[in-house]
Every structure is written in structure tokens, then in C-alpha cells.
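I have placed the structure first, in the form of C-alpha cells, so that the comments after it can refer back to it.
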Amino acid sequence: MITENANKRMKILEKENRLGVLVQEKYKEMEDLRKQEESRQQRILKAKEDLAAAELELENLTPYEPPTDEIMRLRAQIVELEVSANEKRNQKSEKEKLLNQKKLHLINCSDKLKEMENKNSKLLRALRNSGADKIFDAYNWLQEHRHEFNKEVYGPVLLEVNVSDRLHADYLDGHVPYYIWKSFITQDSHDRDFLVKHLKPFDVPVLNYVGNGGCQTEAFQISEEMSALGIYSRLDQVFGAPTAVKEVLTSQFGLDRSYIGSKETDQKADKVSKLGILDFWTPENHYRWSVSRYGGHVSGSVEPVKRSQLFLCGLETGEVESLKSKRMELQEYVTALQESVRSLQIEERQAEEEAAKLQKQREGIIRIVQDEKKKRREMENRIVQRRRKLESMEKEDDLDTVMAKLNEQAAKHNIDRFHSVMEIKSLLAEAVSLKQSFAEKHMRVIEFDAKIKEMEVNIKQHDKVALQAALHLEECKKAVEDFRQQLEVAKKNAELIARITPELEKAFLEMPTTIEELEAAIQENISQANSILFLNHNILKEYEDRQRQIEDKAKKLEADKVELRRCIADVDNLKETWLPTLRNLVAQINETFSWNFKEMAVAGEVSLDEHEMDFDQFGILIKVKFRQAGQLQVLSAHHQSGGERSVSTILYLVSLQDLTNCPFRVVDEINQGMDPINERKMFQQLVRAASQPNTPQCFLLTPKLLPDLDYSEACSILNIMNGPWIKQPAKVWSQGDCWGNVIGLVGKSQC
């Protein structure tokens, strides 16, 4: 109401001032009328003369006929040229669209031809066609992340092996299992774990090479007996590969024990085994002998040599030639289209230039016509204006009537001013009473503010309790999720052991229903099995031994699982002793940081980055937002500028002020790189935090400070004396003279 009263007084005061101005204007207008009446007759005479001169000039003006036919002819030519230009433009657009399509086809054709002619692409395509559907993705991932490994990583193995002879490629492909060709080989256990983790979605094996471990490969040497039987090489000698790849193939698949022979060896195959060679290849067959571990019996097998589909995976020449021919046709067609587009563009430009010339000529003619019409119209308007001016001067009122009217208006304005002054007087009295009422209400507001602050303190305490409850809820949710995952794993293991199918369910229904009948049926089946005539009499004993080994290992596995669960429980118990305290500490830091950051920028928060059992990965996440339209982003050089990171860092350090105990703190040039607004806000936060009771002493080192900063009583400013004339002021300072003498001495030395 006080404001409303003041506004009313201001409005009435403005009205009174406005009325005073009007009164002064009326008096001035009356004075001007007295002076103007003397010259009115002279102005009437001059106005009549000007009107007669304008009418005479209009009568003498020559009439102008516009060239309508010429304008229409130019208009028709311009329309014709524009239609022609639009046709050329449409034709050019269609040609360009067709040209872009052909260029795209040409690029696709060239890329496909280049890919088909690339050796690695052929080998990868062969692996993909043989069942490794995601081998291209695995290979590309390895090429992009090679810099992240400790040692060299090889793979797929098929790309690392180089076989020059087609027949040897057939031998090698037939001897080594298929899975090894799509495998990747590492030389470090950390690289192996990293590769297994990221290549698991691509379904490719990963092998780790740790050296030969002291196992020496037999030296390659062909004896006279081998040469006599046509044996000329060994399987590990017919291909090239990196050392790690070659040793893995040799040690895993016995390439140093597999020999290569000729057709002569095929005819004398029965004599080769007598030389101790149990595996060898000929152009037609693959011979293998095995010695029984029980009776020492020797058994052999002969398999025909199959043609390799991996090493000899070249594309048909006809398809490559077809692509080359198609590329040539597309190149010629693209060249022709480009020439056609250039021709249409030239024709379009010519038509547009000619239309522009005609349009310019037509506009010039129209401008002349408009100028002539404008000239006549201006003369007619000038005559009308002069005639009206003369009539208005002749119709003017006499001086006495106008003076009486002005006196009456001035008196009315003075009466209105008197009423306005009386209203201002009453409003001033009302304002005094409102001021007294406002003072009483203001005292009551102060009491309410004190109560509100007390309630806000209670709300903060309740918020802390709610935060702790929320953290406990998150822990409970994580525990429930862990139990759910354990349940799913147990269910999957049970389904892997035995899945109930309709046939299995039917078989269970047909079995005996009592334990005695089941045991009798089991004994009957064992007797039938024992009555079967075996070629190997020890096979049943071996089976029973392996069954006992399986049971022992199962018991050991169960014991290990129990021990693992016990260790996990111990780790969880240890976590419960320190993790809640850590979470509470981070929550306190987040509360202080969020409040400080809200004063500086938009929003910010601090949270604990937990990783379950991976304690090495625990850390602090600082998220900030400097713009209203943005989102909270983790503090990093990719999202924030240097000044923004400096602001976030000092606010985080200020948030730690109340939680750490130390004798003093030093902050070095934290304001460098900040803009003046953020630097001023940062300095205020730093002064506020350092000036609180029971806080350590804080030193801020900086080459410069902003002007007009706010300092508290607890702040001290120390200026370091430095410069080329430091010796002379130091002498004066040591003698105890005042600072003014020091400044004077420096001025003299500079002069």
C-alpha cells in the first residue's frame, strides 16, 4: 500500500507539472498570436501569387505518352527466355541426378573390385563362408586397438601363415583343425584376458603363447632311408609364419612329426612306419599310425587328401573381369554426362544473361514513365496544397476571439493544478500512517524469519537421514539383484545337466517305481554289459577309474565353491565396516559441493564410483553443468574448458575444507585461465571458506588479482618486492625509512 500511495503521488505530481507546462504554453501562444497577426495579410498575398505560378506551370507542361507496345514486346521476350532457362535448368538437374547415381555405382564397383583383389579380404571371406560369421568384425576390432596391448597380437592365424605350394597348403589345412585358423594368438596373459573379454561376442578362440618352455623342436634332417622312400620334407618346414604362430602350430599339432613324401612314398607306405614315422603325407593320401598304450598294438588309417578351401580361396577370374568391364562402362558414361551437364549449364547461363539485359532495358523504360507521371502528380499536389493553405489563412479566426479562448483554457488548467495539490496533501498524510503500520509488520516478519531458519536446519537434518536411508535401499537392491543372478545361474546349470523332454518324461514313466526294483534293473544291465566280449579287457576298469576320478574332482569342485563363498562373505563383511562410512563422507562432500557450485554456476554433484569387488577401480566422480540447456557431464578435458575445470577443482577443494585436518593449505595460480566473472565468484568462495572458525591457514599464490575484491578481517595481502631496481629500495627499507622514501628513491634511480 505504501508503494501504491507513492505511485499515486508521483502520478498526481506529474499531472500538476504537465498542467503547469500547458499553462505556460497557452501564455506563450497568446504572445505569438499577437506577433503573427501583423504578417498574416502579407502571407495571404504571397500564397495567391504562388498558386497562380503553379497553375501556369502545369498548363505549360507537355503531355507524355508511355511506350506500351515496346514494354509488352520486351516482356514477351523475357518470359520466353525464362521458360527456355527453366527447361535447361530442369534438364541439367535430371542429368546431375543421373550423374550422381552413376558416380555412386562407380564408387561401389571400384570398392568391390578392390576388396575382391585384396588377399586378406579373400582369406577373411573364406573364413566367413566356412562358418566364422563375425571374423571381419573381430579382425577390424584388433586393428583399431593394437596400441592397447603389451606385446604383439597375431590373428586370425590363417592371415599369418604363408604357404607357397598348393599341395602343401592342402596338407596343412588337413592336418590342423579348423578352429585354429580363426584363432588369435597373444604373448602376454593380460593381453589374453583383455582380448577374450572384447572378442567374446565374435565367437573366435584366443590362444596365449608363453614360449617353448624348454621343449626343443627336433632338428630337420632327411636320412638316406627317408630319401629312398621318397620323403623330402617335414610339415613344419613348408610354410612361413611369425615365431609365436609357428611354435603354437608345431607344439599343439605335431607338425615336426609329420613328414611329406612323393608318389613313390605312396607305393612304399608300409615301409615308412619301420623308420619310426607315424604320420606322413603323399599327393594322394594321408597315413597315420597309432600305438596302443595297453597292448602295444599298432593300428593305421589312410585318408584321401582333400583340397583346401581356405588357402586356395581366390575368386573366379570371370567375375573380376566383369567388374572391370562394368567400371570402364560407368567411367565413360560419367564422362559423357559431365560434358552434357556443362553444355546445359552454358546454355542456361546465356539465356539468363540475355533475359537480364532485356529486363534491365524494360525497367529503364518503366522508370522513365514513372518519373514523368511523378512529375505531373507532384505539380498537381503542389497546386492543391497551395490552394488549401490560402483557404486556411483566409478562414483563420480574429485575434480577440482566439485570445479569449486561450485565457479560458489557462484558467481551467490552473484550477486543475490546485485540485492536484490538495490530493497530494491527503496522500502524504495517508503515507505517514502506512509507514507506521509497515514498521510494526516488519518486526513481525523478522520473528517469522528466525522461525523459518530454525525449521530449515531441521529439514537439512531430515534430508541427511533420508539420504542414508536411500543409500541403504540401494545396497538392498544390489543384494537382491546378486541373489537373482545366482538363482538364474543355478537354473542354467541344472538345465545343462538334464533338460526334461517329452521322450525323457515318457522313459521315466516306464521305469520301476521303487528303489529295490531300480537297483535290480541296474544290476541286470551291469551283468549284460559285463557279458559283452571286449577286444580290450581293461576298458571296464579304465571306465571305473575315470568315474572315480570324476567323483573326486566333483567333490573338490564343491569344496572350492564353498571356500569361494566363504571368501566372498568375508569380503562383504569387511566392506560393511568401511563402505557406509565412505558413502556418508562422499554424501557430505556432495552436499557442500552442490551448494557451492550452485552459487558459482548452474549445478554440480560428487558421487562415489563403485565397482562391486573391483576395489582398484573405485574413485570419485565429479559431474558439473555450466549451461542451463546442458546436462551434467563428468569433469574432463573433452567436455569442459580449462577455466571451467579450474572452477570445479577449487570448489571441490573448498568442499573438503570441513572434513580434513591440516596445519595449512597452499593454492597456486588457480585463477589463471578463468574469466573475470568466475574468478571473482571463486575468490569469494575461497575467502568465505578460509575465514570460518577452526579452519587451517590458506595461502593463495597468484601473479595478479581482480580490482575491488571483497576481503574479510581474516585476510592479509602480501606483495612480493621484485624488479631490476630491488637493491636500492632494499637498502632504504633496511634502514627503517618510510615507504614514501622508498618510492622516491626508485623514481630517482629510473630517471
Side-chain angles (χ1 to χ4, degrees), residues 174-180 183 189 192 196 205-218 247-258 273-274 276-280 286-303 486 489-501 503-508 510-567:
H175 193 89
V176 178
Y178 164 73
Y179 78 90
I180 200 67
S183 301
S189 59
R192 176 199 59 198
V196 168
V206 177
L207 306 177
N208 189 44
Y209 169 69
V210 295
N212 54 21
C215 298
Q216 298 294 331
T217 304
E218 296 181 5
E247 290 191 6
V248 168
L249 293 176
T250 302
S251 61
Q252 292 292 324
F253 309 108
L255 301 184
D256 57 342
R257 296 187 298 275
S258 181
S273 61
K274 298 178 181 179
I277 298 175
L278 302 181
D279 191 303
F280 66 92
H286 178 204
Y287 295 86
R288 284 182 293 183
W289 280 271
S290 60
V291 180
S292 174
R293 291 181 296 176
Y294 308 105
H297 304 290
V298 178
S299 60
S301 64
V302 182
E303 297 177 354
Q486 293 177 8
V489 171
K491 182 179 178 182
K492 291 180 180 178
N493 292 334
E495 291 178 350
L496 290 175
I497 294 173
R499 185 183 296 275
I500 301 300
T501 62
E503 295 78 5
L504 188 58
E505 184 178 0
K506 183 178 180 181
F508 275 123
E510 295 176 356
M511 289 182 181
T513 58
T514 63
I515 297 176
E516 293 78 7
E517 292 175 351
L518 286 171
E519 290 179 349
I522 290 171
Q523 291 297 329
E524 182 179 355
N525 289 330
I526 292 174
S527 300
Q528 292 178 2
N530 291 332
S531 63
I532 298 175
L533 181 60
F534 294 100
L535 296 178
N536 188 352
H537 300 286
N538 297 324
I539 191 168
L540 182 59
K541 184 179 179 181
E542 291 178 2
Y543 171 78
E544 293 174 350
D545 292 339
R546 290 189 178 182
Q547 189 68 25
R548 284 194 295 273
Q549 293 177 4
I550 291 172
E551 293 175 357
D552 293 338
K553 291 184 180 297
K555 292 178 180 179
K556 186 176 182 301
L557 177 62
E558 187 63 25
D560 292 340
K561 289 182 178 179
V562 173
E563 180 65 18
L564 176 61
R565 287 194 292 270
R566 186 188 66 77
C567 293

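Only a predicted model underlies this, so the values are computations on that prediction, with no experimental measurement involved. Values below: every heavy atom of this structure, side chains too, minus hydrogens, waters and symmetry copies.
- At a threshold of 4.5 Å between non-hydrogen side-chain atoms, the residues Leu278 and Arg257 do not count as touching.
- Under the salt bridge (charged side-chain N to carboxylate O under 4.0 Å, His left out) criterion, Glu303 pairs with Arg288, not counting sequence neighbours.
- Shown here are the side-chain contact (heavy atoms from CB on, under 4.5 Å) partners of Leu207, two or more places apart in sequence or in another chain: Ile180, Ser183, Ile185, Val248.
- Asp279 contributes atom CG, which lies 11.0 Å from atom CG of Asp256 (distance to the nearest 0.5 angstrom).
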Name every donor-acceptor pair, under 3.5 Å, that has one atom in a side chain of residues 547-561 and the other anywhere in the protein, sequence neighbours excluded.
residue : atom : partner : partner atom : Å
Arg548  : NH2  : Asp545  : OD1          : 2.1
Lys556  : NZ   : Asp560  : OD2          : 3.3

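- Summarising the local packing, OH of Tyr543 is surrounded by 12 or fewer heavy atoms from other residues, nucleotides or ligands at distances under 6.0 Å.
- For Tyr287, the ring pair (Phe, Tyr, Trp, His ring centres under 6.0 Å) partners two or more places apart in sequence, or in a different chain, are Phe280.
- Listed by chain and residue number, Pro512, Thr513, Thr514 satisfy the side-chain contact (heavy atoms from CB on, under 4.5 Å) test with Glu517 (two or more places apart in sequence, or in another chain).
- A donor-acceptor pair under 3.5 Å links the side-chain atoms of His175 to the main chain of Phe253, judged by distance alone.
- Remark: Asn208 pairs with Thr186 by the side-chain hydrogen bond (donor to acceptor under 3.5 Å, both in side chains) rule, at least two apart or across chains.
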